[in-house]
Q: 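Below is one structure. I have some questions about it.
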Amino acid sequence: MFTIKETTADSLIALRWQVLRPGRPESAAHFAEDAAEGSAHFAALDINGVVIGCASVIKKNNALQLRGMATAPEWQGKGVGSAVLAATQAYALRQGLLLWCNARVSAVGFYQKSGWHTEGEPFDVAESGPHVVMRFSSESC
Ligand SMILES: CC(C)(COP(=O)(O)OP(=O)(O)OC[C@H]1O[C@@H](n2cnc3c(N)ncnc32)[C@H](O)[C@@H]1OP(=O)(O)O)[C@@H](O)C(=O)NCCC(=O)NCCS
């Protein structure tokens with residue numbers, strides 16, 4: 001059982017750090033644009049209100065970049081990530097903005113199941129490994 005809500009970046013830092021930036025300083029889990037106008041943050045909460053899933057969208061050049069997509073290890077494979085992702089997709093549709101991300105190659109299948117498509121060739125990101133640009137298209141869902 002979990003619920004999805006729009007929230008603050010601050011409430012997502014611990015999960016981002018644990019899942020996406022392990023072994024690095026806590027500051028690596030903060031994004032420069034977290035508080036920027038047009039940014040929005042989404043959490044999945046368990047029945048105790050603990051954040052078990054997260055994602056953020058950052059407005060750049062009239063599009064939204066998805067960042068910080070993560071599910072707590074013990075909750076992975078239970079629909080949390082796709083529910084958080086759906087909240088970001090709905091937000092982008094309401095805003096009328098394109099939604100894209102630099103996806104870890106290891107997570108491409110996760111995004112594809114929600115109607116995302118890769119664009120171009122994979123590239124390396126320092127300390128995070130291979131990534132590829134992906135874009136959400138509501139027409140494919
Ligand atoms: C990728 C991640 C966010 C997925 O979250 P999740 O809560 O486990 O995903 P869900 O349970 O909602 O999975 C939805 C579907 O995607 C599939 N899926 C999940 N992760 C996948 C992956 N890495 N590759 C391929 N398919 C995947 C699931 O099997 C499920 O398929 P189904 O609908 O046929 O059952 C999570 O595994 C995670 O935090 N990984 C580590 C951090 C990471 O890689 N983040 C993405 C950075 S770009």
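First listed ligand is number 1; within each ligand, the first listed atom is number 1.
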Q: Between H131 and G129, is there a donor-acceptor pair closer than 3.5 Å when you use the side chain of the first and the backbone of the second?
A: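 Side chain of H131 to backbone of G129, a donor-acceptor pair under 3.5 Å: yes, one is there.
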Q: Could you list the atoms of ligand 1 found under 4.0 angstrom from a heavy atom of A70?
A: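 By the 4.0 Å cutoff, the relevant atoms are 39 (O).
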Q: Can you check whether G77 has an N/O within less than 3.5 Å of an N/O in ligand 1?
A: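 Right, the criterion is met.
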Q: For F31, does the six-membered ring have the charged nitrogen or CZ of R16 within the cation-pi criterion, i.e. under 6.0 angstrom from the centroid and within 45° of the normal?
A: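 Yes.
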Q: Could you list which atoms of ligand 1 come closer than 4.0 Å to a heavy atom of G109?
A: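 Close to G109: 25 (C), 26 (N).
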Q: Closest non-hydrogen protein atom to atom 38 (C) of ligand 1, residue and atom name please, with distance?
A: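 Going atom by atom, the protein heavy atom closest to atom 38 (C) of ligand 1 ends up being Q76 NE2, 3.4 Å.
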Q: Would L97 and W100 show up in the same hydrophobic cluster when neighbours are defined by side-chain heavy atoms closer than 4.5 Å?
A: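 Different clusters: L97 never reaches W100 through Ile, Leu, Val, Met, Phe, Trp or Tyr contacts under 4.5 Å.
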Q: Using a 3.5 Å distance criterion without hydrogens, assess whether the side chain of D46 forms a donor-acceptor pair with backbone atoms of N48.
A: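 A pair under 3.5 Å: yes.
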Q: More than 12 non-hydrogen atoms from neighbouring residues, nucleotides or ligands closer than 6.0 Å to CG on N61, yes or no?
A: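 Open: at most 12 neighbouring heavy atoms sit under 6.0 Å from CG of N61.
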Q: Looking only at distance, does G81 have an N or O less than 3.5 Å from an N or O of ligand 1?
A: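 Min N/O separation from ligand 1 is below 3.5 Å for G81.
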Q: For R104, I'd like to know if atom CZ has over 12 heavy atoms of other residues, nucleotides or ligands within 6.0 Å.
A: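 Counting other residues, nucleotides and ligands, CZ of R104 exceeds 12 neighbours.
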Q: For atom 23 (N) of ligand 1, tell me which residue out of S128, A103, S106, A72 has the closest non-hydrogen atom.
A: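 When every heavy atom of S128, A103, S106, A72 is considered, S106 comes closest to atom 23 (N) of ligand 1.
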Q: Can you tell me how far apart CG (L85) and CG (L66) are? Round to the nearest 0.5 Å.
A: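 L85 CG to L66 CG: 6.0 Å, rounded to 0.5 Å.
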Q: What are the atoms of ligand 1, with element, lying closer than 4.0 Å to any heavy atom of G79?
A: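 Reading through ligand 1 atom by atom, the close ones are 10 (P), 11 (O), 12 (O).
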Q: Can you check whether a protein heavy atom sits less than 4.0 angstrom from atom 21 (C) of ligand 1?
A: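 True for atom 21 (C) of ligand 1.
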Q: Tell me the protein heavy atom at minimum distance from atom 44 (O) of ligand 1, and give that distance in Å.
A: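 Of the protein heavy atoms, R104 CD, 3.7 Å lies nearest.
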Q: Does an N or O from V19, backbone or side chain, lie closer than 3.5 Å to an N or O of ligand 1?
A: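 By distance alone, the answer is no.
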Q: Before we go on, tell me: are the rings of F136 and Y111 under 6.0 Å apart, centre to centre?
A: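 Centroid separation for F136 and Y111: 6.0 Å or greater.
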Q: Under a 4.0 Å heavy-atom limit, does K78 contact ligand 1 with its side chain, its backbone, both, or neither?
A: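 Answer for K78: backbone.
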Q: For atom 6 (P) of ligand 1, tell me which residue out of V125, V84, T71, L20 has the closest non-hydrogen atom.
A: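 That would be T71.
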Q: Any pair with a residue in residues 3-14 that passes side chain to side chain donor-acceptor pair (under 3.5 Å), sequence neighbours left out, goes on the list, sorted by first then second residue, please.
A: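 Listed by first then second residue: T7-S11.
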Q: Using a heavy-atom cut-off of under 4.0 Å, does the side chain or the backbone of Y111 touch ligand 1, or both, or neither?
A: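 Only the side chain of Y111 comes within reach of ligand 1.
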Q: Taking NZ, NE, NH1 and NH2 as the nitrogens, is one of them in E37 or K59 under 4.0 Å from a carboxylate oxygen of the other?
A: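 Not counted as a salt bridge, because no side-chain N and carboxylate O are separated by less than 4.0 Å.
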Q: Indicate yes or no: does an N/O atom of A107 lie under 3.5 Å from an N/O atom of ligand 1?
A: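 Between A107 and ligand 1, no N or O pair is found under 3.5 Å apart.
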Q: In the protein, which heavy atom is nearest to atom 15 (C) of ligand 1, and how far is it?
A: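 The protein heavy atom lying closest is K113 CD, 3.8 Å.
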Q: Looking at atom 45 (N) of ligand 1, what's its closest protein heavy atom, distance included?
A: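 Nearest neighbour among protein heavy atoms for atom 45 (N) of ligand 1, to 0.1 Å: M69 O, 2.8 Å.
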Q: Could you tell me whether atom 9 (O) of ligand 1 has a protein heavy atom closer than 4.0 Å?
A: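 Yes.
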Q: Should E26 and R21 count as an ion pair when the cut-off is N to O under 4.0 Å?
A: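 No salt bridge links E26 with R21.
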Q: Please check if the number of heavy atoms outside E74 that lie under 6.0 Å from its CD is greater than 12.
A: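 For E74, atom CD is crowded (more than 12 foreign heavy atoms under 6.0 Å).
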Q: Starting from atom 26 (N) of ligand 1, find the nearest protein heavy-atom neighbour and note its residue, name and distance.
A: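 Checking every protein heavy atom, the shortest distance to atom 26 (N) of ligand 1 gives F110 N, 3.4 Å.
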Q: I'd like to check whether N102 has a polar contact with ligand 1, where a contact means an N/O of the residue lying under 3.5 Å from an N/O of the ligand.
A: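 So ligand 1 has no N or O lying under 3.5 Å from an N or O of N102.
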